[in-house]
Amino acid sequence: MEAVFERYGVRVVAISSDTPESAAHHRGRDGLSIPLLSDPQLRVITDYGLLHRKGIAFKTFFVFGVPLGYPAGFREMAIPTSILVDEEGMIRWIDQAEDYRLRGDEARIIAALEGCFG
Amino acid sequence: MTLTLFAVGLSSLAWLHYLWLIPQERVPERPLLHSALQLIALLGSIVGFLLGGHHGWVSLGCGIPVVWMGGLWFWLLTQARLPDGEITVHVGSPLRPFTTVDADGVCWSTDSLQHQRVLLKFFRGHW
């Protein structure tokens, strides 16, 4: 989707409850180029009303590219949410996941970009 | 015993296929096929154990991981639904300013987003 974001001149920034160390590890493991922000105290996440108190924490390891792991308790984390902001700082689109298994749908994001900035 | 071994293989295959889909972001919204395979594996392990005869202890040994994998599968599905949030921003409102740190521990502020189009993604974190 990098090309799509470039086409619309959109910068992507991600934030989670990971510590900076975990975020740095995640960035290196998955080869991410976008800024990963840390909110381990859940201050920003709570301020936005996106706190999920009973999120499942997983211990994960990769075997031949397949993630294997097991649930390792519950922890507080963000409800996956995408917020599209224009150059004037106004929110143009919000998308929230209803299911922790599902990531942001590419087609929905592209449609939102086209609708807001097309 | 063969049936129970088949059940172990089927349950493992269903799990591995589903896990393989995750990094590709192709997780099915309704994992009916994977759920059906887990159910078949569970039934197969039960029938295999009952028909195990003098190999019953082998069937039991194989059946336990099938029950564990199947039980974990369905339990995770019951936990999938996210709570209704109480999001404090809405379309048409300004982005709520905040400061935090990035992955390098450097201070970061929404001030750096001025005059830019931004997709701000809140996510659950590493896994």
Side-chain angles (χ1 to χ4, degrees), chain A residues 5 8-18 20 22-27 35-39 43-45 47-50 52 55-56 58 60 65-69 71 77-87 89-94 96-104 109 117, chain B residues 15-31 68 72 75-77 79-106 108-127:
Chain A
F5 290 124
Y8 290 99
V10 173
R11 182 181 171 191
V12 182
V13 178
I15 181 170
S16 74
S17 56
D18 282 351
S22 291
H25 174 74
H26 183 194
R27 179 181 60 191
L36 294 184
L37 305 180
S38 293
D39 185 26
R43 184 175 49 84
V44 180
I45 291 168
D47 187 50
Y48 271 70
L50 300 176
H52 178 29
I56 300 176
F58 289 93
T60 311
V66 178
L68 301 178
M77 59 183 65
I79 297 172
T81 304
S82 298
I83 300 175
L84 188 58
V85 184
D86 65 19
E87 49 273 279
M90 301 303 287
I91 295 173
R92 301 289 299 275
W93 177 76
I94 297 175
Q96 282 199 295
E98 295 181 349
D99 185 324
Y100 81 86
R101 302 175 304 112
L102 305 176
R103 308 293 171 85
I109 293 174
F117 305 128
Chain B
W15 260 112
L16 285 172
H17 182 255
Y18 186 86
L19 293 172
W20 178 69
L21 292 175
I22 292 175
Q24 302 177 46
E25 303 203 2
R26 291 169 49 201
V27 170
E29 190 167 342
R30 293 177 185 276
W68 188 85
L72 179 62
W75 178 76
L76 285 175
L77 286 183
Q79 302 296 307
R81 184 79 184 173
L82 289 168
D84 289 333
E86 298 174 349
I87 190 169
T88 57
V89 295
H90 56 271
V91 173
S93 70
L95 183 69
R96 288 174 78 93
F98 64 87
T99 57
T100 185
V101 294
D102 64 15
D104 297 313
V106 177
W108 189 94
S109 165
T110 45
D111 289 346
S112 65
L113 301 178
Q114 282 191 7
H115 310 301
Q116 295 183 65
R117 295 174 179 174
V118 179
L119 181 68
L120 178 62
K121 289 187 67 71
F122 288 83
F123 70 109
R124 51 180 284 121
H126 78 284
W127 53 272

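Numbers restart at 1 for each chain; the letters A, B, ... are given by sequence-line order, proteins then strands. All values below were derived from every heavy atom in this structure, side-chain atoms included, with hydrogens, water molecules and symmetry-related copies excluded.
A:R27 touches chain B through its side chain: at least one heavy atom from C-beta onward sits under 4.5 Å away, while N, CA, C and O do not. With a threshold of 4.5 angstrom between heavy atoms, B:F123 approaches chain A through its backbone and through its side chain.
In this structure, B:F98 and A:Y48 have perpendicular ring planes: the angle between them is above 60°, well past the 30° mark. Relative ring orientation between B:Y18 and B:W15 is described as perpendicular, the plane-to-plane angle rising above 60° on a 0-90° scale split at 30° and 60°.
Highest contact tally toward chain A, considering only B:A103, B:G105, B:G92, is held by B:A103 [criterion: heavy-atom pairs under 4.5 Å]. With chain B as partner, the option from A:A14, A:A23, A:P35 having the largest number of non-hydrogen pairs under 4.5 angstrom is A:A14. The candidate from B:T99, B:V106, B:T110 with the greatest count of non-hydrogen atom pairs under 4.5 Å with chain A is B:T99.
For an aromatic pair to be called close, the ring centres must be under 6.0 Å apart, and A:W93 with A:F117 fails this.
Residues A:L50 and B:I87 are in side-chain contact: their nearest non-hydrogen atoms beyond the backbone lie under 4.5 Å apart. Residues B:D104 and A:P20 fail the side-chain proximity criterion, which asks for heavy atoms closer than 4.5 Å.
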